[in-house]
Every structure is written in structure tokens, then in C-alpha cells.
Amino acid sequence: MPVRRSLLAAALGATALLGATAAPAAAAPGEYITVDPTGRIAADGTVTLSGTYRCTGATGPAFIGSSISQGTVRQQGIGGSGARCDGVEHRWQNSGKPYGQTLRPGAAHVQATVVELRRSGIILVPVFHAQTDRDITLVQS
């Protein structure tokens with residue numbers, strides 16, 4: 001599935017780039033994303049974040065992006081997963097290891113986003129469906 005991975009990488013890259021330069025538009029009525037109050041950190045440093053989302057009206061591929069920060073550890077992307085924007089609430093879960101950083105059990109801050117890649121001419125433009133920020137607790141798993 002190299003095409004799916006490249007689309008996911010493009011979506012997450014666009015989310016990171018645009019998230020650093022502009023705030024996403026407000027979610028349409030009924031669209032949201034939540035983050036569970038507890039995240040897990042494995043012995044090897046892999047972090048797992050989860051929550052729920054609901055989105056509608058996507059005409060292109062949609063994805064869930066998540067990132068975490070803790071103390072002096074700057075925001076780090078944690079995995080990414082596909083999203084179904086069919087108007088139904090779904091669970092999401094992303095896992096990954098922060099690059100060059102070590103997270104520990106305790107307080108952390110998570111940002112999660114539902115983003116769609118919508119075709120505009122010959123390019124794919126990121127369209128934000130929902131975004132949230134939440135303080136969580138990382139626990140050892």
C-alpha cells in the first residue's frame with residue numbers, strides 16, 4: 001500500500017506545516033474529535049493515543065493526525081490513521097515513537113486533528129474537519 005502511505009505522509013505533513021502557520025477553520029456542525037484522558041507508553045518508548053471522532057462530507061482521503069508534548073519535549077507526531085467521514089462516531093488510535101525524544105509517565109499535552117486531502121486542480125489541499133487540544137496522563141503499559 002505505498003500510495004496509501006504516501007497520502008498519509010502528505011496529510012500529516014500538511015497538517016504539521018499548516019498547523020504551525022495557521023489555525024484550522026472551525027469544524028462543521030456535528031464534526032468533532034476527542035482525546036482519551038489517558039495515553040499509554042510502552043517500555044520501548046512507543047506512545048499510544050486514542051479517542052473518538054465524527055466527520056462528514058469528505059470527498060478525498062481523510063486522516064487522523066496526533067501529536068504530543070511533555071515538559072521540555074516539544075510537540076512530536078504520534079502515528080496517523082485513516083478516517084471515515086460518514087457522519088458516524090468512530091474510535092481512533094495512533095501509535096509511534098517520538099523522534100529523538102524520551103517521554104515519561106505523567107502529564108502531557110495532545111493535539112489531534114481530522115484532515116482531508118481534497119483535490120483542487122492537480123494538487124491536494126488539506127481541509128480540516130476537526131481539531132482538539134487536551135491535557136492527558138501518560139501511563140506505563
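Taking 4.5 Å as the limit, some side-chain heavy atom of P37 sits within range of a side-chain heavy atom of R134. Looking at T132 and Q111, their side chains never come closer than 4.5 Å, going by heavy atoms from C-beta outward. Within the 4.5 Å cutoff, the side chain of I64 has heavy atoms near those of the N94 side chain. Side-chain contact check for F128 versus V114: every heavy-atom pair is 4.5 Å or farther apart. The shortest side-chain heavy-atom distance between V35 and W92 falls under the 4.5 Å cut-off. When side chains are defined from C-beta on, P98 counts as touching V47, because their heavy atoms get closer than 4.5 Å.
Rounded to the nearest 0.5 angstrom, R118 CZ and I123 CD1 are separated by 13.0 Å. Put simply, NE2 on H109 and OG on S67 are 7.5 Å apart, with the number rounded to the nearest 0.5 Å. Taking CD1 of I136 as the reference point, atom OG1 of T38 lies at 7.5 Å (rounded to 0.5 Å). Remark: T137 OG1 to I41 CD1 distance equals 12.5 Å, nearest 0.5 Å. Considering CG of D36 and OG1 of T48, their distance stands at 11.5 Å, rounded to 0.5 Å. Going from atom CD1 of I33 over to atom CD of E89 covers 11.0 Å, rounded to the nearest 0.5 Å.
The backbone N or O of T56 sits less than 3.5 Å from a side-chain atom of E31, completing a donor-acceptor pair. Of the possible donor and acceptor atoms, none in the side chain of Q101 sits under 3.5 Å from a partner among the backbone N and O of Q76. A donor-acceptor pair under 3.5 Å links the side-chain atoms of S66 to the main chain of I78, judged by distance alone. Using modelled atom types, one side-chain atom of T34 and one backbone atom of T52 make a donor-acceptor pair closer than 3.5 Å. Side chain of R54 to main chain of G87: a donor-acceptor pair is present (N/O by atom type, distance under 3.5 Å, no hydrogens or angles). In this structure, the side chain of Q140 does not engage the main chain of P105 through any donor-acceptor pair within 3.5 Å.
Under a hydrophobic-cluster definition in which Ile, Leu, Val, Met, Phe, Trp and Tyr are linked whenever side-chain heavy atoms come within less than 4.5 Å, directly or via other members, F63 and L124 are assigned to the same cluster.
Considering every non-hydrogen atom in both G57 and E116, the closest pair reads O-OE1, 4.4 Å. Counting all heavy atoms, side chain and backbone alike, D133 lies closest to Q131 at OD2-NE2, 2.9 Å.
Just one of V110, T102, L138 meets the side-chain contact (heavy atoms from CB on, under 4.5 Å) condition when paired with Q70; it is L138.
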For the pair V127 and V115, evaluate side chain to side chain contact (heavy atoms under 4.5 Å, CB included) and give the outcome as yes or no after the intermediate values. CA-CA 6 Å; V127 175; V115 64; 5.9 Å; no

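There is a side-chain donor-acceptor pair under 3.5 Å between R84 and H90.
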